[in-house]
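Here is the structure we will look at, set down as structure tokens.
This chain uses plain numbering: 1 for the first residue, then up along the sequence. Computed from a predicted model, the values in this text were never measured in an experiment.
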Amino acid sequence: MKKILKVIKSLFINIRKIIEKTIVIPITKLILGITNKITNSSKTIENWLSKTNTLLFVSLFIALLLFVVIDRKIITYAQSSAEVLKSQPVTAIFNREAYVVEGLPETVDITLVGSKVNLFIAKQSPSPDITVDLTGLKPGQHKVSIKYTQSISDLEYTISPSVATVIIYDKVSETKSLTVDVLNKDMLDSKLVIDDISVNVDKVIVKGAEHQLAKVASVKALVDINNLVSQETGIQTMKDITLKAYDINGSVVDVEIVPSKVDADITISSPSKELTIKVIPIGQVAFGKAIKTIEASATKVVVYGSLEVLKDLNYIEVPIDVEGLKTDLIGTKQDLIKPTGIRSMSVSSITVDIKLDTVTDKDITDVRIDFRNLNDSYRANAATVADETVVINVKGVESVLEKITSEFINAYVDLTGLTEGVHEVEVKVEGSDNRVQYLSKNKKIAVKITKK
């Protein structure tokens, strides 16, 4: 190494001479030329710069400065140092079709020791050859060495860890059904629904150690909504969908899946339905008052969701508190509550005007009784003729009550859980006009239940 340093120093001395000849001397001549043009007042400086000793010292100073700088760099790069290459990948050499290996670290840290020049080169082009050779080893537990093929022979190195304890298993395989799991459902346009997802295979082969295959409860194709080409109705084709194996707890099982990716056709639609908005007063207005009119800024709303959800919806209820209301309620904003399973609505809120007037009442006679929620094994009838109909008292504004007849009223009894015999059951009343209060004057009726 010392011989090399002497050669390098000699090289830089020669470089200094070249610099002196090509830079220092021309600069000196330039200075002399400038001094010739300086007035008599600067004769002293001119004489000093013109002296041979001065020029010699300037040249020597520049040469020494260059030599010191370069010499310090040489010493710095020649000194020994250490560098750690973190998380370098390890490659295992074995028959991957026949065996599975557990316990082998995925990465190791390599510490390199040597001159800074060599370390710098090593960092720029690290060797990819960090290997564990398992060739010829049979199933079972083995202690193996991790080897590193360095690109620069002058460097010393250590590997951490340098030894690993691995277990080799025979690779076995099983056939599993493939299911589909949709990721990022919330990223789908709220007006769209996925009707169907059809993958190009329904069975896959899982390979791995026997104890790992025993953990596999399901294999799923992970359809990510973010990977859709476009969010439009129709059939969208998604390619190279990742497959994952899971245990009964939903944790990923590390096994090989063949094929590792599949394609899928995703059918997207936008089912919708127009529903009536029903404003439902909650509570009773002040004594002597009744609701004359209920007006809303919107009476219809288009809802979006699956066909299964839409078929059971006929209206959207908007409850509004009128308990103790004494004067008209104008311009009250009410939010529409989204029913379960509905993804989007064309109207999210409405404003409601409720006007009051003087209350009156009247009786509606001969309202027939309906029987609800009776077990299919039984039949029900009124115990007497008097129990077949009831009288309903209705309260509201006179102009509203004029239009109310028995056709607008449903009186019924709930027979849930009742069996054979005669039972006294509470009468309940519903009306189609929510501005009116309905009250049965017959609190209970007798119902006779018999087997079919």
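- In this structure, D321 has no side-chain hydrogen bond (donor to acceptor under 3.5 Å, both in side chains) partners at least two apart in sequence or on a different chain.
- Residues V262 and P259 come closest through the heavy atom pair CG1-CG, 4.2 Å.
- How far NE2 of H423 is from NZ of K448: 11.5 Å, rounded to the nearest 0.5 Å.
- Among all heavy-atom pairs drawn from V229 and T237, the shortest one is CG2-O, 4.3 Å.
- Evaluation of the side chain to side chain donor-acceptor pair (under 3.5 Å) test over residues 95-108, restricted to residues two or more places apart or in two chains, returns E102-H211.
- T293 pairs by the side-chain hydrogen bond (donor to acceptor under 3.5 Å, both in side chains) definition with nothing, not counting sequence neighbours.
- The pair E426-K428 fails the salt-bridge criterion, with no side-chain N (NZ, NE, NH1 or NH2) lying under 4.0 Å from an Asp/Glu carboxylate O.
- When the shell of 6.0 Å around CD of E210 is examined, it contains 12 or fewer heavy atoms from other residues, nucleotides or ligands.
- Across all their heavy atoms, V172 and A209 have their closest contact at CG2-C, 4.2 Å.
- Every residue two or more places apart in sequence or in another chain was checked for a ring-ring contact (aromatic ring centres under 6.0 Å, His included) with Y378, and none qualifies.
- Under the 3.5 Å distance criterion, the side-chain polar atoms of K452 are matched with a main-chain donor or acceptor of D376.
- One N or O on the side chain of Q236 and one on the backbone of S230 form a donor-acceptor pair closer than 3.5 Å.
- Side-chain atoms of S251 and N249 include no donor-acceptor pair closer than 3.5 Å.
- In plain terms, the two heavy atoms of N381 and F371 that are nearest each other are C-CZ, 3.9 Å.
- A distance of 10.0 Å separates NZ of K333 from OG of S297, quoted to the nearest 0.5 Å.
- Environment of CD1 in I282: crowded, with over 12 heavy atoms of neighbouring residues, nucleotides or ligands closer than 6.0 Å.
- The ring-ring contact (aromatic ring centres under 6.0 Å, His included) check on H142 picks up nothing, with sequence neighbours excluded.
- For the salt bridge (Lys or Arg N to Asp or Glu O under 4.0 Å) condition, no pair includes a residue of residues 266-283, sequence neighbours left out.
- Summarising the geometry of K220 relative to L178, their closest heavy-atom pair is C-CD1, 3.9 Å, with the distance given to 0.1 Å.
- Applying the salt bridge (Lys or Arg N to Asp or Glu O under 4.0 Å) test to pairs two or more places apart or on separate chains, those with a residue in residues 223-240 are K239-D263.
- Counting non-hydrogen atoms of neighbouring residues, nucleotides and ligands closer than 6.0 angstrom, the CG atom of N373 exceeds 12 such neighbours.
- K203 and S177 form a side-chain donor-acceptor contact under 3.5 Å, judged by distance and modelled atom types alone.
- For K143, the NZ atom counts as loosely surrounded, since its 6.0 Å shell holds 12 or fewer non-hydrogen atoms of other residues, nucleotides or ligands.
- Proximity of a side-chain donor or acceptor of N184 to a complementary backbone N or O of N226 within less than 3.5 Å is not detected.
- Taking the charged nitrogens against the carboxylate oxygens, E430 and R372 do have a contact shorter than 4.0 Å, which makes a salt bridge.
- Listed by chain and number, the residues in a side-chain hydrogen bond (donor to acceptor under 3.5 Å, both in side chains) with D170 amount to none (sequence neighbours excluded).
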Got a list of side-chain donor-acceptor pairs under 3.5 Å for residues 301-320, not counting sequence neighbours?
from, atom 1, to, atom 2, distance (Å)
S306, OG, V309, N, 3.4

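- The backbone N or O of I330 sits nowhere less than 3.5 Å from a side-chain atom of D353 that would complete a donor-acceptor pair.
- Between E323 and G283, the shortest heavy-atom contact is OE1-CA, 3.1 Å.
- A distance-only check finds a donor-acceptor pair linking the side chain of Q231 to the backbone of M187 [under 3.5 Å].
- Taking a 6.0 Å sphere around CD1 of I235, one finds it holds 12 or fewer heavy atoms contributed by other residues, nucleotides or ligands.
- Take A383 and apply the side chain to side chain contact (heavy atoms under 4.5 Å, CB included) test, not counting sequence neighbours, and it matches D387, V422, A446.
- Taking K300 as the reference, T276 meet the side-chain hydrogen bond (donor to acceptor under 3.5 Å, both in side chains) condition, with sequence neighbours excluded.
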Please list every donor-acceptor pair under 3.5 Å in which a side-chain atom of residues 189-196 meets a protein atom from a residue at least two apart or in another chain.
from, atom 1, to, atom 2, distance (Å)
D189, OD1, K191, N, 2.9
D195, OD1, S269, OG, 3.0
D195, OD2, S269, OG, 2.4

